[in-house]
Amino acid sequence: MAVRATVSRFPVTQGALDECGIQWGISVTPFTAADETGQPPATAGRGDRLPRCERCWAYFNTYCDVERWGWACALCSTLNGFDDDALHRFQRPEACPELNASFIDFEMPVDVADGAGDGVLARPVYVAAVDLACSEEFLELIKSALLAALEALIPGSLFGLMTFSHKIGLYDVQGPVPVVKNVFIPPDSEEDGLAVALEDAMPLLSFLAPVDTCKDQIAAALDTLRPTSSWERGAASGQEADTVLLGGRGFGTAMSSLIDYLSSEYGSTFALARVFAFLSGAPDYGDGQLDTRRYGEQYASKGEDADLALLPEQIPFYRDLAAVAVQAGVCVDIFAVTDEYTDLASLKFLSIESGGSLFLYANADDSTLPQDIYRLLSRPYAFGCVLRLRTSPDFEPGHSYGHFFPDPQYENVQHIICCDSFATYAYDFDFTHADGFSRHTEPAVVQIAFQYSVIEPVEVASGNGPQSYPRFCLKRRLRIRTLQYRPANNINEIYDSVDQEAVLHILVHKVILVSLENGVREGRNSVHDWLAILITRYNDALRSDPRTPESHIDIDFSQCPHLQMIPQFVFGLLRSPLLRLHEEGIHPDYRIYLQCLFSSLEPSSLAKAIYPLLISYSSPNKQAFPRHTLSRAALTMSESPIFLLDAFTNLVVYYSLTADPSLPFPPPHDCLLRTTINALKQDRCITPKLMIVRGGQDDSSLFENYLIEEQDVDGSGYASGNGFISFREGIRNEVAEILKEESGS
């Protein structure tokens, strides 16, 4: 569990918080194998025996004051008594990690009635749902992706293959020849649904095949997949065949039926089923049809905000379906491969609210889909998660951000259906009363409890020899992290403790929320205004020193290194497709994809996605400088021949125009540069695209487009006097106006 606070010295009062202008909160990545310093958790058994505070229900931890017969809660100071079991265990403190560690993983008992436990089969279940109202190129990509997925699945997993178009196809691959049963989808929404239930068409346990014994048959079934013909789609929709291009994509009905199909084995065969839905366009058949004509509306001529009009969902069908999926133990990942408007604003809820992810690829030619799905299946994940954040009484969580849903009964409790080691969530803090921290010398305390389930393989010997067959058991664990933060004595201590990437993390979550509610323009304005207020408050602090000239305005945070990247981060955010306007050519589906991606990233990854990292190398084996500004001037001044740009989704190696021709191109596989690239690619939730270009010979437009400091924030491109310099001047003028108004002069 990695936790990063925006400031490690907390403001003492609401006034101190307002005076510093900093976002106050934390980011939490609960399922990482180690904390933010690389330290793994201590482990312990029987977390259900861990003492809890009678008042605030916080868990006993190493910061509690312990007496002979009881303990004082580190959060609320309530005195609690030990029961006989705790008294007996704590007589051997070396065997009790909770006395010595603040980051612990506890084993929890599993309720066998819930369909789990050491003696109950709980196999991993995966289903691929493939769109056949598609092109040949799309289908070839999906076949490659699913063959890669099969290699990542552990033996003993169950796999099902379903197709959808104007009909649903269920594949039985457990015999010598794959068999498909088709169920036709009604063209319009009907109360009766499918004419034949999927369970009646094919028993679920015939549909779900063991990967270790049926891998070849699954591959053979994939090889038989073909796009549905225009004749088939026309016959199903009642149209002439030559008037039907694509379409006939009954995605909503297919997903609804599949979730109902799988639900019968939830809690017996599986504890979580993961569905990979592959889409080549918008659903336009059966339930959950989406009208793509709204993308072509002339919003400007109507005086409407196109961004605000295209961000909300059209219909609640997919949000409602996600709630059904959660109850059925089904998590849906959506992989959309299309450059046409698909209305991800409506579709996204099926993935993010069921615990899945949303992926978007513009075309099949250079798609990283096979690598992405392999990574997705290769990394560990937890499910059935509950995340609870508690604080000492003087402050509390304000808003929470991330792909989870709040508990309907308890405050500050979030449910996460499926969580991998990259999934990150955020909280901002508010004071509970005007006085702030009542005891300025006492540390503020944050305790994060993360309860989750994992499926682990258990080797069970067969009766006749050393052979074994795969079996799985469900484990329940409780991960607890308790942290202390000292209140700051003054504003300088706050500024000196800032984590810039954590500040950006909270800021991006907030601006996404503003954009969804009020439109992209309002999101841009909120970011710009926040930066102006922060710089104003910083200059107020500088002017408290009589040696600072009143006319001086520092917009570069020259006296505070921990804030110096903030203007670049804000500039990069304004230049990002996340906040660029519809009229600049930003596709609404791409914006939705970025909203979903950015709101799940941890702070360091998000910082690279917003303001890429540019590193220079004097040779493939020697780094020259660890960070440059994103400008052509930086390239010229560095005099380095090689640059590595890390934009999170893209990695670009650029050989400058002046690079010595004797330098090896491309970089050798055993050099430092390649080692760095490989390490960066491994440490990603998605597969970054790698491009290696030689300046003056190859197309270097992708690299040059990332040199954003010479671009205007409104997208006017390269021009003298624009870009980051003019942005700084604009902020300077705004800050000067605010300071002038506040001084009354």
Side-chain angles (χ1 to χ4, degrees), residues 1-12 17 22-44 47 50-53 56-66 71-78 97-106 386-398 400-402 412-414 424-432 436-437 439-451 478-488 493-494 496-503 505-506 562 602-604:
M1 179 186 291
V3 179
R4 292 176 64 173
T6 57
V7 286
S8 58
R9 298 295 297 271
F10 281 5
V12 173
L17 178 60
I22 289 289
Q23 305 284 345
W24 183 30
I26 59 171
S27 67
V28 182
T29 312
F31 197 54
T32 51
D35 66 15
E36 64 279 2
T37 66
Q39 292 297 314
T43 56
L50 186 65
R52 300 186 69 175
C53 178
C56 70
W57 288 98
Y59 291 92
F60 177 87
N61 58 83
T62 188
Y63 299 119
C64 296
D65 292 329
V66 179
W71 55 284
C73 177
L75 278 76
C76 70
S77 303
T78 299
E98 58 266 38
L99 290 172
N100 308 300
S102 60
F103 179 26
I104 311 173
D105 246 6
F106 293 94
V386 181
L387 183 64
R388 174 68 189 259
L389 185 141
R390 292 181 174 89
T391 62
S392 42
D394 294 326
F395 71 113
E396 63 185 359
S400 54
Y401 309 93
N412 304 320
V413 177
Q414 279 77 32
T424 302
Y425 311 92
Y427 299 85
D428 57 18
F429 293 136
D430 296 323
F431 284 106
T432 55
F437 289 110
R439 292 181 292 180
H440 296 180
T441 58
E442 294 293 321
V445 181
V446 175
Q447 186 177 82
I448 304 162
F450 179 62
Q451 192 167 161
L478 173 64
R479 179 171 291 185
I480 297 176
R481 180 91 186 271
T482 309
L483 305 104
Q484 290 185 329
Y485 296 96
R486 294 279 176 187
E493 289 188 357
I494 296 176
D496 288 340
S497 72
V498 168
D499 181 335
Q500 301 176 92
E501 293 178 345
V503 170
H505 190 255
I506 298 282
H562 293 275
E602 54 84 30
S604 293

- Query: Should E396 and R390 count as an ion pair when the cut-off is N to O under 4.0 Å?
  - Reply: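 Salt bridge flag = no for R390 with E396.
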Any non-hydrogen side-chain atom of [X] less than 4.5 Å from a side-chain atom of [Y]?
| X | Y | answer |
| --- | --- | --- |
| V3 | R481 | yes |
| S27 | E602 | no |
| F60 | R52 | no |
| Y59 | E98 | no |
| W71 | N61 | no |
| S604 | R4 | yes |
| Y485 | V446 | yes |
| Y401 | Y427 | no |

- Is the side chain of T6 donor-acceptor paired with the backbone N or O of V503 at a distance under 3.5 Å, no angle test?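 Looks like no, no N/O pair under 3.5 Å.
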Smallest separation among heavy atoms of [X] and [Y], with atom names:
| X | Y | result |
| --- | --- | --- |
| D499 | A5 | CB-O, 3.4 Å |
| A426 | I506 | CB-CD1, 3.8 Å |
| H562 | V498 | ND1-O, 3.4 Å |
| L75 | S392 | O-CB, 3.3 Å |

- Answer with yes or no whether the side chains of T37 and D35 bring together a donor and an acceptor at under 3.5 Å.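 Yes, a side-chain donor-acceptor pair sits under 3.5 Å.
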- Message: Evaluate F429 against F395 for ring-ring contact (aromatic ring centres under 6.0 Å, His included), listing each step before the verdict.
- Response: CA-CA 7 Å; F429 293 136; F395 71 113; 5.1 Å; yes
- Message: So if I apply the side chain to side chain contact (heavy atoms under 4.5 Å, CB included) rule between I448 and each of T482, I26, I480, T391, which one comes out positive?
- Response: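 Among the candidates, only I26 passes.
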